[in-house]
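Report on one structure; see the data block that follows.
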2 protein chains.
Amino acid sequence: MAPTIKQIAKLANVSIATVSRALSGDEKVTSETKRLVLNAARELNYRPNILARNFVKGKSNIVGLILPDISDEFFSEIIRGVDETSYDHGYYTMVISSHKNRSLVESVHTLMSNGLVGGFIILIPFMDQKIEAALMHERVPFVIISGDNNAGEFDTVTTNNYQSAFMMVEFLVGKGYKKIAHISGPADNNDALLRKKGFLDACSKNKIEIRNNWLLDGDFTMEGGELAINKILNEDDKPEVIFAANDMMALGCYNAIQSRGLKIPDDIAITGFDDILISKYANPSLTTVKVNTDRIGKLAAERLIEKMDGTNNKTAQKIEIESELVIRNSC
Amino acid sequence: MAPTIKQIAKLANVSIATVSRALSGDEKVTSETKRLVLNAARELNYRPNILARNFVKGKSNIVGLILPDISDEFFSEIIRGVDETSYDHGYYTMVISSHKNRSLVESVHTLMSNGLVGGFIILIPFMDQKIEAALMHERVPFVIISGDNNAGEFDTVTTNNYQSAFMMVEFLVGKGYKKIAHISGPADNNDALLRKKGFLDACSKNKIEIRNNWLLDGDFTMEGGELAINKILNEDDKPEVIFAANDMMALGCYNAIQSRGLKIPDDIAITGFDDILISKYANPSLTTVKVNTDRIGKLAAERLIEKMDGTNNKTAQKIEIESELVIRNSC
DNA sequence: ATCACCGATGTAAACGTTTACACGATAACT
DNA sequence: AGTTATCGTGTAAACGTTTACATCGGTGAT
């Protein structure tokens with residue numbers, strides 16, 4: 001049904017090889033012949049069969065994008081970033097979500113040398129042995145998006161969690177804060193761990209006392225933030241500012257604080273991490289760290305396509321996405 | 001490099017045809033032969049080449065998902081819903097985002113009979129002539145996700161904007177409210193239009209007076225909501241409740257109201273639409289309408305796969321996703 | 001014992017495209 | 001003029017899989 005190069009060949013009175021060459025811009029074909037072929041192609045409304053092309057070339061211009069089984073406000077931005085870059089390079093984007101019926105490892109196996117994708121990008125919340133093993137045997141190029149860049153000798157795009165947390169603490173110190181508490185995220189989340197580490201190191205460097213009971217455990221949820229802060233809000237000696245490892249927990253702190261009639265930032269200041277949609281609109285607006293999510297997708301895709309094109313096969317690169325402090329009114 | 005059925009054939013001492021049949025579960029092949037083939041396949045760690053399979057079968061088990069060029073909190077849920085269903089049926093999901101370099105129409109053309117996808121789902125914020133024309137000529141099956149189901153004779157999955165808005169008004173009336181204002185969304189957004197229509201019709205039916213200056217224009221942003229409500233907050237004769245066409249605008253109203261020292265819902269009540277993440281945590285928590293976003297993706301994918309399988313080619317279906325009133329403390 | 005049939009397997013063509021190689025014609029050398 | 005490059009085009013093979021058709025052995029009916 002769909003027109004093929006054979007039909008173009010017949011219409012233009014040339015061989016299919018010439019058609020193929022004319023369409024792919026081979027310099028050897030006469031401009032006259034090229035004109036003929038292109039006209040015929042336009043007339044027939046020809047679209048090359050991508051499947052056939054990839055198949056015969058033995059490689060695919062499809063970029064796989066493997067997502068973990070959690071939902072996240074930022075995923076659509078990453079997807080968009082990847083697809084935009086893919087498109088600009090003439091590639092397609094295939095999303096493989098993990099979910100109850102398909103684990104992250106299984107997702108990798110799905111793509112393993114079935115020829116569908118020519119490479120893939122994988123979002124890994126926490127690198128474990130299973131995933132690493134699966135990736136070790138992978139034959140197509142891939143890039144990892146992760147909070148952590150210590151993940152073996154793989155190409156990785158990371159957010160600079162550590163540096164950003166560090167930066168946040170130094171900013172607070174610069175504003176004169178000395179008594180700083182931290183609410184961390186889940187223990188099995190690399191982003192959370194690195195943010196905590198950044199906090200701790202920055203405190204050490206700036207001679208800020210780290211009190212154990214001001215090192216609170218959270219879980220990245222609003223309730224978790226509320227729960228955590230309530231543990232120290234009753235004490236006489238309160239911290240001046242609380243640095244929550246993500247905005248959701250920071251907003252949980254807002255609730256706890258405001259329901260006690262305390263004022264942010266006068267009685268106690270709050271900062272977060274992520275710059276989710278609402279943070280700008282919270283009252284007071286939340287000081288936080290903004291990660292350039294679409295750049296993550298873009299750069300991961302660019303690096304992957306370099307590898308797929310064979311343009312740049314140098315050893316694994318670690319790309320860190322710069323993030324920025326968003327200073328608002330909560331401190 | 002990657003193992004093929006030829007290698008399996010050699011290892012199992014059968015022909016490639018038998019291998020193909022054994023792998024695809026043809027009943028004609030002996031269980032003994034099947035055992036041999038499967039063993040060989042496992043030994044070689046064989047994965048069928050999807051590209052070759054789709055190519056030779058002349059159809060694709062890839063579902064295209066065309067997204068508009070706006071970012072949305074709900075997209076990742078829709079993507080997940082689609083991919084989950086695709087996976088369960090042995091299909092793959094390919095995302096085609098529209099953006100500055102590729103319009104929605106161009107996205108459709110991209111997929112047009114290039115063999116890559118066997119069908120697609122397209123999210124359309126507002127159906128216009130161009131898109132409709134592009135879709136008319138499309139050869140592969142597709143399903144539209146839209147706020148509006150009047151979009152010609154196409155298969156469509158819609159949220160029931162109209163009914164939900166209607167339901168919201170009747171709920172408010174049931175609570176005794178008589179003076180109701182509405183802030184609508186952008187004029188070129190179908191969801192917004194239908195919500196307004198639902199509001200108007202429900203008011204008429206319930207003999208609620210519709211005042212023109214209580215029919216406010218918004219733009220789905222927080223600032224828009226704030227701006228709109230400020231127009232009527234100074235008047236002596238204020239509405240008892242404001243029904244915003246989405247949560248963002250409702251939260252804008254929160255700001256305006258609370259900065260005047262008024263209390264929600266005692267002085268004025270607010271309701272929204274969408275049930276975005278924050279609405280649950282707003283203070284007071286926001287009464288709104290929750291759309292089952294993942295069901296939208298799921299049902300669209302199910303319908304599409306029916307068509308792709310040829311299981312069900314009956315005339316275009318209009319599927320409406322039921323949504324639910326989420327009653328909280330803002331009214 | 002012959003025939004017809006059936007069930008299991010093999011043979012080979014087909015899908016649309018790319019590309020190595022062959023070929024003929026023309027141009028550029030000796 | 002004869003040889004050799006060069007250039008444009010054609011021929012045909014290849015990619016991995018599916019599937020229509022052929023083949024062959026065996027079974028049951030006559």
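Each chain gets a letter, A, B and so on, in the order its sequence line appears, and its residues count up from 1.
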From NZ of Lys28(B) across to P of dT9(C) the rounded distance in Å is 11 Å
Using atom CG of Leu51(B) as one end and atom P of dT18(C) as the other, report the distance to the nearest whole Å.
13 Å
To the nearest angstrom, the CD-C1' distance between Glu27(B) and dC6(C) comes to 15 Å
Touch class at under 4.0 angstrom, heavy-atom based, for Ser24(B) against every strand present:
nothing
Starting from P on dT18(C), measure out to NZ on Lys59(A) and report it in whole angstrom.
12 Å
Per Arg21(A) side chain, nearest of listed nucleotides dT17(C), dG16(C), dT9(D):
dT9(D)
Taking only N and O in the side chain of Ser15(B), is any of them less than 4.0 Å away from OP1 or OP2 of dT9(C)?
no
Could you pull out the closest heavy-atom pair between Lys307(B) and Phe142(B), with the gap in Å?
NZ-O, 3.0 Å
Atom-pair distance (CZ on Phe55(A); C1' on dC15(C)), nearest Å:
9 Å
Rounded to whole angstroms, how far apart are CG on Leu23(A) and C1' on dT9(D)?
15 Å
In whole angstroms, how far is the P atom of dA20(D) from the CG atom of Asp26(B)?
11 Å
Just call it for Ile16(A): base, sugar-phosphate, or nothing, with non-hydrogen atoms closer than 4.0 Å on any strand.
base
Using the side-chain heavy atoms of Lys57(A), tell me which of these nucleotides is nearest: dG10(C), dT19(C), dT9(D).
dT19(C)
May I ask you to say whether Asp83(A) pairs ionically with Lys298(A), meaning some side-chain N is under 4.0 Å from a carboxylate O?
no
Ignoring backbone atoms, test whether Thr18(A) places a side-chain nitrogen or oxygen under 4.0 Å from the OP1 or OP2 oxygen of dG8(D).
no
Determine: side-chain N/O of Ser20(B) to OP1/OP2 of dT18(D), distance under 4.0 Å, yes or no.
yes
So, are Arg295(B) and Glu322(B) salt-bridged, with charged N and O less than 4.0 Å apart?
yes
Within a reach of under 6.0 Å around NZ of Lys59(A), are more than 12 heavy atoms found that belong to other residues, nucleotides or ligands?
no
So if I take every side-chain heavy atom of Ala17(A) and compare against dT17(D), dC15(D), dA12(D), which nucleotide ends up nearest?
dA12(D)
Return the 5'-most residue of the pair Val14(B), Lys6(A) with respect to DNA chain C, ranking by each residue's nearest nucleotide.
Val14(B)
Side-chain N,O (Thr30(B)) to OP1/OP2 (dA8(C)) below 4.0 Å:
no
Any Lys/Arg nitrogen of Glu32(B) or Arg35(B) sitting under 4.0 Å from an Asp/Glu carboxylate oxygen of the other?
yes
With respect to the side chain of Arg53(A), which nucleotide from dT17(C), dT9(D), dG10(D) is positioned closest?
dT17(C)
Ile5(B) CD1 to dC15(D) C1', in whole Å, measures 12 Å
